[in-house]
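Comments concern the structure below.
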Amino acid sequence: MPNEAGPTGFVLARALQQAGIRCVVAAPKKMERPAGDRVKTDKRDAQRLAKLIRLDELPRGAGA
């Protein structure tokens with residue numbers, strides 16, 4: 001499960017991992033955005049994270 005790094009990102013990731021759920025913390029500033037993509041929504045972010053984790057191209061956050 002991908003998760004954006006942020007104020008609760010690593011706390012959530014550790015809790016999920018302790019529950020046996022694989023969680024990868026992504027560094028949002030390291031993720032490239034398609035040219036012309038200026039609209040940021042949770043749905044678009046989730047779709048992008050899902051695609052990147054499937055391709056194993058998700059930029060990891062510090063401490064991940």
Side-chain angles (χ1 to χ4, degrees):
M1 175 177 135
N3 180 34
E4 282 188 344
T8 60
F10 291 101
V11 174
L12 176 61
R14 281 191 286 274
L16 289 170
Q17 289 168 349
Q18 288 176 350
I21 300 168
R22 181 175 170 252
C23 182
V24 178
V25 179
K29 290 186 180 184
K30 292 182 180 179
M31 288 190 282
E32 293 181 16
R33 288 221 167 283
D37 185 9
R38 296 183 183 186
V39 178
K40 182 175 174 11
T41 66
D42 288 342
K43 182 178 178 178
R44 284 185 176 192
D45 288 349
Q47 290 170 335
R48 181 121 177 95
L49 287 171
K51 179 181 177 182
L52 290 173
I53 201 164
R54 271 194 318 269
L55 298 172
D56 197 29
E57 293 181 3
L58 194 65
R60 305 300 202 261

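If you read the sequence from its start, that first residue is 1, and numbering goes on from there. It should be emphasised that the depicted structure is a prediction, and the values quoted were computed from it without experimental measurement. Just the heavy atoms: all of them, side chains too, but no hydrogens, waters or symmetry mates, feed the values below.
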Legend entry - For Val24 against Arg22, the heavy-atom pair lying closest together: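 Looking at all heavy atoms of both residues, the shortest contact is CG2-NH2, 3.9 Å.
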
Inset, instruction - Tell me whether Val25 is reachable from Val11 by hopping between hydrophobic residues (I, L, V, M, F, W, Y) whose side-chain heavy atoms are closer than 4.5 Å. - result: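 Val11 and Val25: separate clusters.
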
With a 3.5 Å cut-off and sequence neighbours excluded, list the donor-acceptor pairs that the side chains of residues 46-53 form with protein atoms.
from: Arg48; atom 1: NE; to: Glu32; atom 2: O; distance (Å): 3.1
from: Arg48; atom 1: NH2; to: Glu32; atom 2: O; distance (Å): 2.5

